[in-house]
Undergrad: 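Right, I'll just put the structure down here and ask away after.
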Amino acid sequence: AQSVTQPDIHITVSEGASLELRCNYSYGATPYLFWYVQSPGQGLQLLLKYFSGDTLVQGIKGFEAEFKRSQSSFNLRKPSVHWSDAAEYFCAVGGNAGGTSYGKLTFGQGTILTVHP
Amino acid sequence: EPEVTQTPSHQVTQMGQEVILRCVPISNHLYFYWYRQILGQKVEFLVSFYNNEISEKSEIFDDQFSVERPDGSNFTLKIRSTKLEDSAMYFCASKIGIKSYNSPLHFGNGTRLTVT
């Protein structure tokens, strides 16, 4: 069964500092990987996704993530954090059995990001 | 940009009552989903829906739950007899069918269901 682990429940960084949010996954085949962000009272917004090809993927809002198959990881990074990045971040792995399975995501626990001015 | 819209944003109901959560997926999308997030827990898959039938459902999605696409625009989740443990944020999501593996899942803002 597929699973996703986000080891850090809560991370605090200063504005302008770099950020790395960790994500480890377990999946029996080539994974489809995603990072979503959720601001308070909002839905889940897709930051970036990995399906195949280049293992370093660029997303919106200056985020990037690197897929490392050997480490079963898909860590999210941003070189300089802005106060508006404060939110909860979810890593997810998707199915690849065709049809609706592509939208059947298994989420991690989430990491709450606090940004200090 | 088109959005998935969910109504209401917050619903309070008494235990044992029926609730219907409503969603309007993006108009040209073909795959529909419900997820839920109990406070402090992971976002969990409930059910997927395509071509007017359930494609897959999780263990959570028992006989108390049902989904329906009553017309060309709405997608509903019904909980027949709510329990306290059904209190959660429920997210609707939709996905375009063409090249579905490479298209993102679009989520609504959620309906917070509180069962008292």
Side-chain angles (χ1 to χ4, degrees), chain A residues 1-7 9-10 23-27 29-54 57 59-60 65 87-112, chain B residues 1 3-7 9-10 23 25-26 29-61 67 75 89-112:
Chain A
Q2 58 201 58
S3 66
V4 176
T5 302
Q6 293 179 246
I9 296 173
H10 195 171
C23 172
N24 293 98
Y25 68 89
S26 172
Y27 192 68
T30 301
Y32 294 151
L33 295 160
F34 307 84
W35 274 100
Y36 282 86
V37 60
Q38 184 182 29
S39 298
Q42 300 296 310
L44 295 159
Q45 182 184 22
L46 180 68
L47 283 176
L48 47 77
K49 61 186 187 291
Y50 171 80
F51 289 102
S52 63
D54 194 349
V57 294
I60 62 171
E88 189 163 14
Y89 291 80
F90 294 92
C91 181
V93 62
N96 61 7
T100 56
S101 76
Y102 297 125
K104 181 189 174 187
L105 305 183
T106 298
F107 284 84
Q109 187 78 20
T111 298
I112 297 171
Chain B
E1 185 176 326
E3 295 180 338
V4 176
T5 56
Q6 290 185 244
T7 55
S9 57
H10 192 183
C23 169
I26 295 173
H29 284 191
L30 299 179
Y31 298 159
F32 311 111
Y33 304 81
W34 284 100
Y35 284 79
R36 81 172 184 188
Q37 184 183 27
I38 295 172
L39 189 63
Q41 298 187 22
K42 294 184 179 185
V43 177
E44 304 171 288
F45 166 80
L46 291 179
V47 66
S48 60
F49 190 88
Y50 170 70
N51 200 25
N52 284 320
E53 60 183 23
I54 290 174
S55 301
E56 191 171 357
K57 57 185 180 180
S58 70
E59 295 173 352
I60 304 165
F61 195 88
V67 289
F75 179 51
M89 179 74 88
Y90 288 81
F91 292 105
C92 174
S94 70
K95 200 174 188 335
I96 199 165
I98 299 170
K99 291 188 179 178
S100 59
Y101 81 96
N102 199 24
S103 63
L105 191 61
H106 293 259
F107 283 87
N109 283 348
T111 293
R112 179 163 297 286

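All values below come from the heavy atoms of this structure, side chains included, with hydrogens, waters and symmetry mates left out. Letters go in sequence order (proteins before strands), and every chain restarts at 1.
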Undergrad: Within this structure, what is the CG-NZ distance for the pair A:Leu105 and B:Lys95, rounded to the nearest 0.5 Å?
TA: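 If we round to the nearest 0.5 Å, A:Leu105:CG and B:Lys95:NZ are 8.5 Å apart.
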
Undergrad: For A:Ile60, does the CD1 atom have more than 12 heavy-atom neighbours from other residues, nucleotides or ligands under 6.0 Å away?
TA: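 Counting other residues, nucleotides and ligands, CD1 of A:Ile60 exceeds 12 neighbours.
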
Undergrad: Would you check if the side chain of B:Asn109 reaches a backbone N or O of A:Gly43 as a donor-acceptor pair within less than 3.5 Å?
TA: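 Such a contact is found between B:Asn109 side chain and A:Gly43 backbone.
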
Undergrad: To the nearest 0.5 Å, what is the distance between CZ on B:Phe107 and OH on A:Tyr36?
TA: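 If we round to the nearest 0.5 Å, B:Phe107:CZ and A:Tyr36:OH are 5.0 Å apart.
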
Undergrad: Specify the closest pair of heavy atoms between B:Pro104 and A:Leu46, including all atoms of both residues, with the distance to one decimal.
TA: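 Shortest heavy-atom separation between B:Pro104 and A:Leu46 comes out as CB-CD2, 3.3 Å.
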
Undergrad: Could you check which of A:Lys104, A:Gln45, A:Gln6 has the highest count of heavy-atom pairs closer than 4.5 Å to chain B?
TA: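 Highest number of heavy-atom pairs under 4.5 Å: A:Lys104.
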
Undergrad: Locate the shortest heavy-atom distance separating A:Val4 from B:Lys42; write the atom from each residue and the value.
TA: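 Minimum heavy-atom contact is O-NZ, 3.3 Å.
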
Undergrad: Please indicate whether B:Ile54 has more than 12 foreign heavy atoms, meaning atoms of other residues, nucleotides or ligands, lying under 6.0 Å from its CD1.
TA: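 Above 12, so yes.
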
Undergrad: A:Gln38 versus chain B, heavy atoms under 4.5 Å apart: side chain, backbone, both or neither?
TA: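 It is the side chain, since no backbone atom gets that close.
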
Undergrad: Strictly distance-based, threshold 3.5 Å: is any side-chain N or O of B:Tyr31 a donor or acceptor partner for the main-chain N or O of A:Gly103?
TA: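 Here the side-chain-to-backbone pair does not exist.
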
Undergrad: For B:Gln37, is it the side chain, the backbone, both or neither that has a heavy atom under 4.5 Å from a heavy atom of chain A?
TA: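 B:Gln37 touches chain A through side-chain heavy atoms alone.
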
Undergrad: Under a 4.5 Å heavy-atom cut-off, does chain A meet the side chain of B:Tyr35, its backbone, both or neither?
TA: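 Only the side chain of B:Tyr35 comes within 4.5 Å of chain A.
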
